[in-house]
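In what follows, a single structure is set out as structure tokens and then discussed.
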Amino acid sequence: MKRILSAVLSAALMLVSVPAFAFSSGSYKNGDVNIDGTVNLEDVTTIQLAIAKLKSFSDTERKLADFDLDGDVDMSDVTKIQRALAKLEDAPAETDSEAINISDNETDTDTAADTAGDTAVDTSSDETDTNGHNIVQPDTDTNTADGTDTENASLYPSVSRSVDIYFTNNKNWSKVYYYLFNAETGKTNAAWPGVEAEKSVTNSYCEKIFCMNVNTGKFDRVVFNDGASNQTVNIYLSRASSGFYISDSTNAKFQLVGTYAYSGADRGKLKEIEMDYPMGYKKKVWIWTPADYDANSAEKYKTVYMTDGQNIFNFENVAYGGWGVTNAAESLISNVGRGLIIVGIESTGSVRDTELTPNIGALRDGVGVYGNFENGKGKEFSDFVVETVIPYVRSNYNSSSAREDNIIAGSSSGGLEAFYIGMEHHDKFCAVGALSPAFILFGDTAWDNYLKGFDLKSDDMPKMYIYNGKIGLEDDLYPFAVDMNSRLIKGGYDSNKLKLVTEEKAEHNEAWWRIVFPEFLDWALCLPDN
């Protein structure tokens with residue numbers, strides 16, 4: 001039945017002369033955002049542009065855009081208008097738009113958080129790449145590649161490594177192939193260019209979205225390509241993977257990708273607060289909870305703490321579009337049925353180098369001239385995370401205090417600091433993500449002396465995910481990432497707790513950390529297989 005609905009709806013969206021409908025007991029028609037007297041595809045497009053933050057709504061337009069009258073303007077309104085236009089669904093009851101009560105300044109009512117000056121941030125529609133291209137999900141659900149209707153999937157959580165992944169063909173390649181391989185074994189699903197993708201639905205931009213089922217235990221990388229001259233970079237696959245699209249505006253041979261959570265229409269909730277930092281100034285902290293967050297559930301939530309919180313969500317002021325960590329989190333929830341909390345701690349501006357550099361010894365010769373690394377205040381940052389941020393999160397959220405449920409991660413200097421925090425507080429974190437870490441800052445003597453202070457053979461040492469690229473600055477950092485992995489092994493660190501990942505084409509930016517983050521998240525959570 002879903003296949004029939006998908007075909008009908010897609011066809012309806014392609015028609016030029018879709019009959020408009022009108023309903024209202026007032027002067028405006030609900031859904032008629034451009035106020036031309038009818039509700040039609042122009043209104044659908046206008047709402048999508050606003051969701052993608054490419055257009056601003058007036059108060060009246062926002063009220064009219066809330067087609068389903070639930071108080072929010074999101075993809076649900078778009079879908080319901082499209083289904084009504086295709087005569088697959090009735091319009092909502094007639095309502096005078098002036099009577100619709102929507103607040104554009106809704107804030108979280110969490111009592112303890114309000115006292116800290118919290119501001120609610122809407123993350124329900126951050127599906128835009130760095131070039132402003134709106135990537136929308138299909139207008140209807142699709143079947144999984146193995147023929148199983150997702151509507152009839154088990155209601156019980158699953159931790160299977162077989163997941164559905166989606167590729168939005170927003171560059172309109174004539175054909176789409178997916179080449180799967182295993183980074184460790186070299187095993188592939190087929191000779192290049194791989195297998196042609198065939199199962200697809202069409203979104204309202206007339207872009208085909210292809211679906212395929214992948215066993216991420218067998219294949220942990222995918223390259224989408226057109227069988228000719230266009231292909232993506234290596235994309236990391238895990239149970240925290242879902243949707244991908246081309247985010248690269250260049251004609252590079254290896255094109256970067258953006259991510260989205262195919263089933264994550266409801267983006268959960270992101271809260272911004274300010275806390276007093278020990279160095280005498282305020283610091284922002286962002287706390288994300290999933291859409292089905294239950295403050296009173298018996299099972300407490302796993303929590304991921306991350307440095308550079310200003311970059312990990314899809315904030316507009318991030319040059320490479322942010323990490324999009326909520327996409328990975330929501331994909332993980334869709335695939336395995338388990339929620340988590342993500343906490344980002346700000347570290348930006350002139351104080352960043354100092355905050356994220358632990359003072360563990362002499363800097364490597366020449367390093368000091370590149371930033372404020374000398375006599376770094378990494379300990380103060382670490383203390384702030386452990387003594388201020390974590391207690392706040394556990395007091396105000398249903399966050400687990402169990403070591404095995406807490407993770408620390410970061411990139412660049414933030415990756416170095418995450419490593420430091422994880423080592424210093426290995427009793428509090430089960431896993432560390434050191435992505436493109438700045439191990440280069442310290443010389444051999446400093447690292448030797450620092451690591452001597454730990455029993456690296458202890459079972460209490462955290463899992464350590466070290467990642468590095470090989471292009472530009474990444475190539476400079478790479479030898480020191482490899483060296484740290486070797487130091488830990490030589491010191492007796494359990495090799496099963498270490499994962500060193502190298503990506504030849506990767507550069508030093510959020511676009512690449514966004515691609516690798518899903519693999520780290522799945523690996524760090526230690527989810528069992530079924």
Considering all heavy atoms of both residues, which atom of [X] and which atom of [Y] are nearest to each other, and what is their separation?
X	Y	value
Leu356	Leu416	O-CD2, 4.1 Å
Val163	Ser238	CG2-O, 4.0 Å
Leu332	Leu525	CD2-CD1, 3.2 Å
Ala524	Cys430	O-SG, 4.1 Å
Gly227	Tyr177	N-CD1, 3.6 Å

Counting only N and O atoms by type, is there a donor-acceptor contact under 3.5 Å from the side chain of [X] to the main-chain atoms of [Y]?
X	Y	result
Thr232	Gln255	no
Asn406	Ser400	yes
Ser382	Gly378	no
Asn485	Leu500	no
His425	Gly422	no
Asn335	Ser331	yes
Asn225	Tyr178	no
Thr289	Ile341	no
Ser242	Ile165	no
Asn327	Thr259	yes

Around [X], counting heavy atoms of other residues, nucleotides and ligands shown, do more than 12 lie under 6.0 Å from its [atom1]?
X	atom1	result
Lys497	NZ	yes
Lys208	NZ	no
Lys470	NZ	yes
Glu299	CD	no
Asn172	CG	yes

Spacing of [atom1] belonging to [X] relative to [atom2] belonging to [Y], to within rounding of 0.5 Å:
X	Y	atom1	atom2	value
Ser412	Asn509	OG	CG	11.0 Å
Tyr245	Phe224	OH	CZ	14.0 Å
Asn170	Cys206	CG	SG	13.5 Å
Ser241	Glu519	OG	CD	8.5 Å
Asn182	Lys218	CG	NZ	10.5 Å

For the rings on [X] and [Y], is their centre-to-centre separation under 6.0 Å?
X	Y	result
Phe244	Phe167	no
Phe439	Phe419	yes
Trp513	Tyr467	no
Tyr293	Trp288	no
Phe313	Trp286	no

Lys300 and Asn398: CA distance, side-chain angles, deciding distance, side chain to side chain donor-acceptor pair (under 3.5 Å) verdict: CA-CA 5 Å; Lys300 293 183 177 294; Asn398 195 10; 3.0 Å; yes

Any ion pair linking [Y] and [X] (charged N to carboxylate O, less than 4.0 Å)?
X	Y	answer
Asp308	Arg352	yes
Glu355	Lys283	yes
Lys175	Asp226	no
Lys463	Glu404	no

Evaluation steps, side-chain contact (heavy atoms from CB on, under 4.5 Å), between Val257 and Ile515: CA-CA 8 Å; Val257 298; Ile515 292 172; 3.9 Å; yes

Stepwise side chain to side chain donor-acceptor pair (under 3.5 Å) test for Glu207 and Asn169: CA-CA 6 Å; Glu207 299 166 338; Asn169 186 19; over 6 Å; no

Passing option when Asn311 is tested against Glu510, Glu346, Arg514 for side-chain hydrogen bond (donor to acceptor under 3.5 Å, both in side chains): Glu510

Passing option when Thr168 is tested against Tyr260, Tyr262, Tyr205 for side-chain hydrogen bond (donor to acceptor under 3.5 Å, both in side chains): Tyr260

Glu474: salt bridge (charged side-chain N to carboxylate O under 4.0 Å, His left out) partners, not counting sequence neighbours: none

Option from Tyr420, Trp447, Phe373 for which ring-ring contact (aromatic ring centres under 6.0 Å, His included) with Phe442 holds: Trp447

Exercise: do Thr502 and Asn468 side chains pair donor with acceptor under 3.5 Å: no

Any donor-acceptor N or O pair under 3.5 Å, side chains Asp405, Thr303: no

Side chain to side chain donor-acceptor pair (under 3.5 Å) between Tyr236 and Glu503, worked out: CA-CA 10 Å; Tyr236 290 46; Glu503 188 56 56; 2.8 Å; yes

Worked check of side-chain contact (heavy atoms from CB on, under 4.5 Å) between Phe181 and Val223: CA-CA 9 Å; Phe181 66 98; Val223 177; 4.1 Å; yes

Note, Leu488 side chain near Leu498 side chain (heavy atom, < 4.5 Å): yes

pair Lys271-Ile273: side-chain heavy atoms closer than 4.5 Å: yes

